[in-house]
Amino acid sequence: MAADQRHPAQGLELAYARVSTTKQSLERQLDALGAAGIPENRIYVDKKSGATVERPGLTDLLAYARPGDTIVVYTLDRLGRNLREVLNLVHDLNGKNIGVRSLADPLPINTADEGMGRIAFLLLALFAEMERTFTAERAAHARAVAEAAGRRIGRPVAHPADKIEYARLLKGQGASYGEISAKTGIPKTSLHRYLAECQVTHPTAR
């Protein structure tokens with residue numbers, strides 16, 4: 001998008017469209033934004049792979065937007081990779097008097113609207129905070145249940161117990177990590193973890 005650098009005094013509606021993989025299509029978002037009256041030269045786009053965190057289209061849009069403008073998106077999740085990121089961005093834009101409007105969310109958002117649009121956004125923020133709390137509680141409960149049952153917490157052991165025990169025996173005999181790895185087939189990075197756990201679980205008697 002080659003935006004007109006002469007920004008008019010009155011508020012503009014600017015648009016942003018994004019897909020997270022190069023195989024996805026922007027067509028549905030662009031059609032909806034065009035139908036909403038946003039001209040092509042005011043639509044900023046990003047089409048990057050999921051491993052790419054840079055979003056030059058969004059960066060250019062935020063640099064061009066001015067107080068009184070409204071950023072229009074197909075759905076609110078196009079603005080970020082997770083709900084917290086979206087909420088933070090919308091909050092920052094609100095502080096600059098830049099509104100955000102979505103077209104296809106189940107409850108359309110318009111932060112420039114002092115009525116239902118603002119309430120909808122506040123509900124999203126509430127849901128995000130609730131989900132953070134619930135996630136932390138579920139993780140804590142799972143840890144407590146596992147510990148009560150005597151189960152291992154963390155990553156599962158990737159190698160047979162007999163090989164790990166053999167590695168511990170070799171280490172006790174003074175073998176190097178390289179020698180132990182060659183005899184057991186366990187990578188040295190894993191050996192360091194297993195043998196460290198052994199020292200914690202079975203401390204040397206004094």
Side-chain angles (χ1 to χ4, degrees), residues 1-140:
M1 176 264 186
D4 186 348
Q5 296 303 312
R6 297 170 298 172
H7 196 292
Q10 69 273 21
L12 281 178
E13 281 201 328
L14 308 168
Y16 179 66
R18 175 180 67 86
V19 289
S20 57
T21 72
T22 55
K23 293 182 180 180
Q24 292 176 319
S25 173
L26 287 164
E27 185 176 354
R28 180 172 61 173
Q29 295 178 56
L30 297 178
D31 287 347
L33 294 169
I38 315 296
E40 184 178 348
N41 69 333
R42 283 198 244 134
I43 300 176
Y44 294 74
V45 301
D46 279 316
K47 189 171 185 178
K48 299 288 183 179
S49 69
T52 303
V53 296
E54 295 181 356
R55 289 175 287 171
L58 181 61
T59 299
D60 291 344
L61 168 60
L62 297 178
Y64 184 71
R66 297 292 183 271
D69 290 347
T70 297
I71 295 174
V72 183
V73 291
Y74 183 67
T75 52
L76 207 60
D77 60 4
R78 297 302 83 201
L79 287 174
R81 293 178 295 272
N82 55 63
L83 183 56
R84 177 60 59 188
E85 188 175 282
V86 171
L87 293 174
N88 287 340
L89 177 57
V90 174
H91 177 76
D92 291 344
L93 291 170
N94 185 63
K96 299 175 182 178
N97 195 29
I98 298 173
V100 174
R101 179 163 72 92
S102 71
L103 302 176
D105 281 313
L107 187 60
I109 305 297
N110 186 353
T111 60
D113 178 4
E114 294 295 336
M116 290 304 297
R118 184 63 60 84
I119 291 173
F121 177 72
L122 292 175
L123 285 173
L124 276 179
L126 174 61
F127 294 154
E129 184 63 22
M130 289 171 61
E131 179 58 24
R132 184 194 65 79
T133 300
F134 291 154
T135 299
E137 288 178 348
R138 287 194 295 267

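The distance from atom OG1 of Thr111 to atom CG of Asn97, rounded to the nearest 0.5 Å, is 9.5 Å. Note: Leu87 CG to Glu85 CD = 10.5 Å, rounded to the nearest 0.5 Å. Note that CG of Leu93 and CG of Asp69 are 10.5 Å apart. Values are rounded to the nearest 0.5 Å. Taking NE2 of His91 as the start and CG of Asn94 as the end, the distance is 7.5 Å to the nearest 0.5 Å. Rounding to the nearest 0.5 Å places OH of Tyr44 at 6.5 Å from CG of Asp60.
A donor-acceptor pair under 3.5 Å is formed between the side chain of Asp46 and the backbone N or O of Gly57. Not a single donor-acceptor pair under 3.5 Å links the side chain of Gln29 to the backbone N or O of Val73. The backbone N or O of Arg18 sits less than 3.5 Å from a side-chain atom of Arg78, completing a donor-acceptor pair. Within the 3.5 Å criterion, the main-chain N or O of Ala104 finds no donor-acceptor partner in the side chain of Thr75.
Contact record, Ala65 with Ile98: CB-CD1, 3.8 Å, taken as the closest heavy-atom pair. Among all heavy-atom pairs drawn from Tyr74 and Leu33, the shortest one is N-CD2, 4.3 Å. Heavy-atom minimum distance, Leu76 versus Ser102: N-CB, 4.0 Å.
Under the 4.5 Å side-chain criterion, counting only non-hydrogen atoms from C-beta, Leu62 is in contact with Ile71. The side-chain heavy atoms of Leu12 and Arg42, taken from C-beta on, include a pair separated by under 4.5 Å. Residues Leu89 and Leu58 have side chains in contact (heavy-atom distance under 4.5 Å, counting atoms from C-beta outward).
A salt bridge (Lys or Arg N to Asp or Glu O under 4.0 Å) check over residues 89-98, counting only residues at least two apart or in different chains, returns nothing.
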